[in-house]
Engineer: 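Before I ask anything, let me first share the structure, which is written out below as structure tokens.
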4 protein chains.
Amino acid sequence: MARPLSEEKRNAILAAAAEAVGSLGVSASTAKIAKDAGIAEGTLFVYFPTKDDLLNELYLALKADMKAAIAAGYPTEASVKERCEHLWNQSIDWGAKNPAKRRALRQLGVSDKVTEASRKAGMAAFRDIQSMLDEGFQSGILRQQPKDMLGATTDVLTDMVLEFIHRDPGNIESYRRAGFETYWGAISNK
Amino acid sequence: MARPLSEEKRNAILAAAAEAVGSLGVSASTAKIAKDAGIAEGTLFVYFPTKDDLLNELYLALKADMKAAIAAGYPTEASVKERCEHLWNQSIDWGAKNPAKRRALRQLGVSDKVTEASRKAGMAAFRDIQSMLDEGFQSGILRQQPKDMLGATTDVLTDMVLEFIHRDPGNIESYRRAGFETYWGAISNK
Amino acid sequence: MARPLSEEKRNAILAAAAEAVGSLGVSASTAKIAKDAGIAEGTLFVYFPTKDDLLNELYLALKADMKAAIAAGYPTEASVKERCEHLWNQSIDWGAKNPAKRRALRQLGVSDKVTEASRKAGMAAFRDIQSMLDEGFQSGILRQQPKDMLGATTDVLTDMVLEFIHRDPGNIESYRRAGFETYWGAISNK
Amino acid sequence: MARPLSEEKRNAILAAAAEAVGSLGVSASTAKIAKDAGIAEGTLFVYFPTKDDLLNELYLALKADMKAAIAAGYPTEASVKERCEHLWNQSIDWGAKNPAKRRALRQLGVSDKVTEASRKAGMAAFRDIQSMLDEGFQSGILRQQPKDMLGATTDVLTDMVLEFIHRDPGNIESYRRAGFETYWGAISNK
DNA sequence: GATGAATGAGCGTTCATTCAT
DNA sequence: TATGAATGAACGCTCATTCAT
């Protein structure tokens, strides 16, 4: 069978894993994840044959989740800068609202458990977003860059700003704005 | 004194730890680190009372190493942009020449084993560098930013570019250049 | 349930622990205990979360075992002195037949791994026995004593005699008899 | 050389060992003992070739210390019962004033690190005391007992009472008195 | 003689994975 | 399919003892 019985259980495992990896790193135990997901230890391995598989699928699920949030409500008709600002704000909002997921993604990002294939697949999502901005590249408003670098820049600056927000939650708005200036400078032609 | 603590051994442990953490993450075992350092397992704990202590001291040592490399040969008399480009190039060079150290620093950066105090101390080094650019801020060439954000931006964009270089080592020069454009846009007033 | 916890295994662990603690003290290793119990090292921790838990449960099990043996065949209708002699003889017999258990109990008795709560629970068993002798106290045949002191006196004199028997096993009967005289003198009104 | 340099250091080690064994048991580390004695780790082994040697010598020293305290001020001319009461009170006082030493002696008493030879030597001290009471045996006031049993009874009942005092320090006098009644009953002819 | 760095076996405990139920 | 008891290698750390200084 291509997929085991309960989609619900699968999602519960993924959700518990995100939470656990976010707070404990990739060394979070499968026992804890199973317990938090409300299933037995052995059941986890019915859905994911090994812990590494779980970690890779979690990475992909998180990337997809993030991408969906970022693209939501994209203002097709607005100016390039406004569209970029929309993407930026969505990114910050997703991270601020889903701190555990964001932290999980950071942990997975540096872990050698996540394969090159997963990383490639994860980057593809951001290429989708990059293509939303094709007009911006053609018009010269955005600087030409090596493939995937726009997505990575977004990723990396978002994450940086979210770290500042995490350490100093009172000033979220000023970090968001300063972050966007940095971001816009980083990707646009002056 | 019976036998003085050996600075040489201490450095060997730190070097082995950087290598191991770089490739295996913070879960690299103390046994492996000791073995690679050429000492007995127990000896490691003569130099570092716990693994967490070792990890924190490694973080600090790596930050200091990186900072020294970046600041070396700083052209005090050149233009602000040239001075930034110097810092950028030094950063890329350090990372390209010390891939294990760089990877270790990434792992430590996301690990909760590294204390807030160590992070603060690590950031202080970059504030030194930021102050090298004070003239740039006063003249309005560099954009005003929240404290520590310039250092973090440098860190994060450098790291991003080094990841691209790591995956595609043939094009180091083009990544370095494209990276600097991104970086300069990120930190300067347009 | 996947596989129920095995009462048999639990008992095997407790038995192996009694043997090991009896001969090696509380520093007997969990690895040895597990091996002697015929299970894997990790399995011990399925039944007892920590070594300290094992030690405390062992203490309780041993006290219960001893108490059951002592109270067995108690001659309700006999004279107070005969009933005390019965208790005395049962105690000596239990100790002589279960030297490892007795030695384990001694080790546990002086170990700070055994909590005050366990000690309290262990003493309660002997209070049961003391209450078997209430008539003796009321009639004035037995001397009034602070609570728990009768039980402790029994414990301590039994143990002393068993040590003599242990060192000089040929004269078990004469030690038993001399011991009882000491014991009866210790607890009765002259 | 029959004895190494400093008697003072030797005594410091023994004192530190008594304290450490009293609170931590025989598993107290040589490193801690050395530190508490104000000497280097290695120096301990100059005075005692192994930890077991230290433990055995400590046992003997403690027994000697206790015996000296018990025999001090012995009232040669008093009645047998008064002389016994003196011994009893001295025992209780020594234990109450030297809780660490008493606890150390308990630990050593059950440890298999203390050899049979040391135990024999330790018992000899109490035979000295027993011989102080020879008149009592001859007159029939004290019950005839197997060799060493009087000493052991004293030891064991004293220790029991000291445990009660330890747990309930407010009632020291009532425990001491009740204890003596038990003790006198245990050793005298009715 | 005194020191304390160096050692490596041994400790209690964890954990991904297997498999009997 | 779901369960959780069973496993044993691996972990961080301790320690009695040795020996270079």
Engineer: Could you go step by step and tell me if V46(D) and K9(D) meet the side chain to side chain contact (heavy atoms under 4.5 Å, CB included) rule?
Structural biologist: CA-CA 10 Å; V46(D) 172; K9(D) 266 177 192 159; over 6 Å; no
Engineer: Indicate, with a heavy-atom threshold strictly under 4.0 Å, whether T50(A) touches base, sugar-phosphate, or nothing.
Structural biologist: sugar-phosphate
Engineer: Mind calculating the distance between CG (L44(A)) and C1' (dT18(E)) to the nearest angstrom?
Structural biologist: 14 Å
Engineer: Which nucleotide in the set dA20(E), dT3(F), dC13(F) lies at the smallest distance from any side-chain heavy atom of R3(C)?
Structural biologist: dA20(E)
Engineer: So for atom NZ, which belongs to K35(A), do other residues, nucleotides or ligands contribute more than 12 heavy atoms lying within a distance under 6.0 Å?
Structural biologist: no
Engineer: For dT13(E), what is the paired nucleotide under Watson-Crick or G-U wobble rules, both distances under 3.5 Å?
Structural biologist: dA10(F)
Engineer: Among dA6(E), dT3(F), dA20(F), which nucleotide has an atom closest to any side-chain atom of E41(D)?
Structural biologist: dA6(E)
Engineer: First locate atom OG1 of T50(A), then atom CG of D53(A), and finally report the distance between them rounded to the nearest 0.5 Å.
Structural biologist: 3.5 Å
Engineer: Could you tell me whether the side chain of E41(B) and the main chain of T30(B) form a donor-acceptor pair under 3.5 Å?
Structural biologist: no
Engineer: Could you state the NZ-P distance from K9(A) to dA2(F), rounded to the nearest angstrom?
Structural biologist: 4 Å
Engineer: Only counting residues at least two apart or in another chain, list the ones meeting side-chain hydrogen bond (donor to acceptor under 3.5 Å, both in side chains) with D155(B).
Structural biologist: none
Engineer: Take atom CG of L54(A) and atom P of dT17(E), then tell me their distance rounded to the nearest Å.
Structural biologist: 10 Å
Engineer: For the side chain of F45(C), counting heavy atoms from C-beta on, which of dT13(E), dT17(E), dT7(F) is nearest?
Structural biologist: dT13(E)
Engineer: Tell me: NZ of K35(B) to C1' of dA10(F), nearest whole Å?
Structural biologist: 14 Å
Engineer: When you match A28(A) and S27(C) each to their closest nucleotide on DNA chain E, which lands nearer the 5' end?
Structural biologist: S27(C)
Engineer: Can you find a side chain N or O atom of T43(A) that sits less than 4.0 Å from OP1 or OP2 on dT3(F)?
Structural biologist: yes
Engineer: Look at the side-chain N and O atoms of Y47(D) and state whether any lies under 4.0 Å from the OP1 or OP2 oxygen of dA2(E).
Structural biologist: yes
Engineer: Report the residue from Q107(C), E163(C), M66(C) that forms a side-chain contact (heavy atoms from CB on, under 4.5 Å) with R102(C).
Structural biologist: E163(C)
Engineer: Between residues 104-115 of chain B and DNA chain E, which residues have a heavy-atom gap below 4.0 Å?
Structural biologist: none
Engineer: Both distances below 3.5 Å, Watson-Crick or wobble geometry, any strand: find the nucleotide opposite dA20(F).
Structural biologist: dT3(E)
Engineer: If you look at every strand shown and take non-hydrogen atoms under 4.0 Å, does A34(A) touch a base, only sugar-phosphate, or nothing?
Structural biologist: nothing
Engineer: Which comes earlier along DNA chain F counting from the 5' end, the contact point of S29(B) or that of G42(C), where each point is its nearest nucleotide?
Structural biologist: G42(C)
Engineer: Would you mind reading off the distance between L5(C) atom CG and dA6(F) atom P, rounded to a whole angstrom?
Structural biologist: 6 Å
Engineer: Tell me whether E19(D) at atom CD has more than 12 heavy atoms from other residues, nucleotides or ligands lying less than 6.0 Å away.
Structural biologist: no
Engineer: Mind calculating the distance between CG (L24(B)) and P (dC11(F)) to the nearest angstrom?
Structural biologist: 9 Å
Engineer: Looking at T30(D), I'd like to know whether one of its side-chain N or O atoms comes within less than 4.0 Å of OP1 or OP2 on dC15(F).
Structural biologist: no
Engineer: Output the rounded distance in Å from NZ (K51(C)) to P (dG10(E)).
Structural biologist: 15 Å
Engineer: Using the salt bridge (charged side-chain N to carboxylate O under 4.0 Å, His left out) definition, which of the options K113(D), K63(D), R10(D) pairs with E57(D)?
Structural biologist: R10(D)
Engineer: Grab the CD1-P distance between I39(A) and dT17(E) for me, whole Å please.
Structural biologist: 14 Å
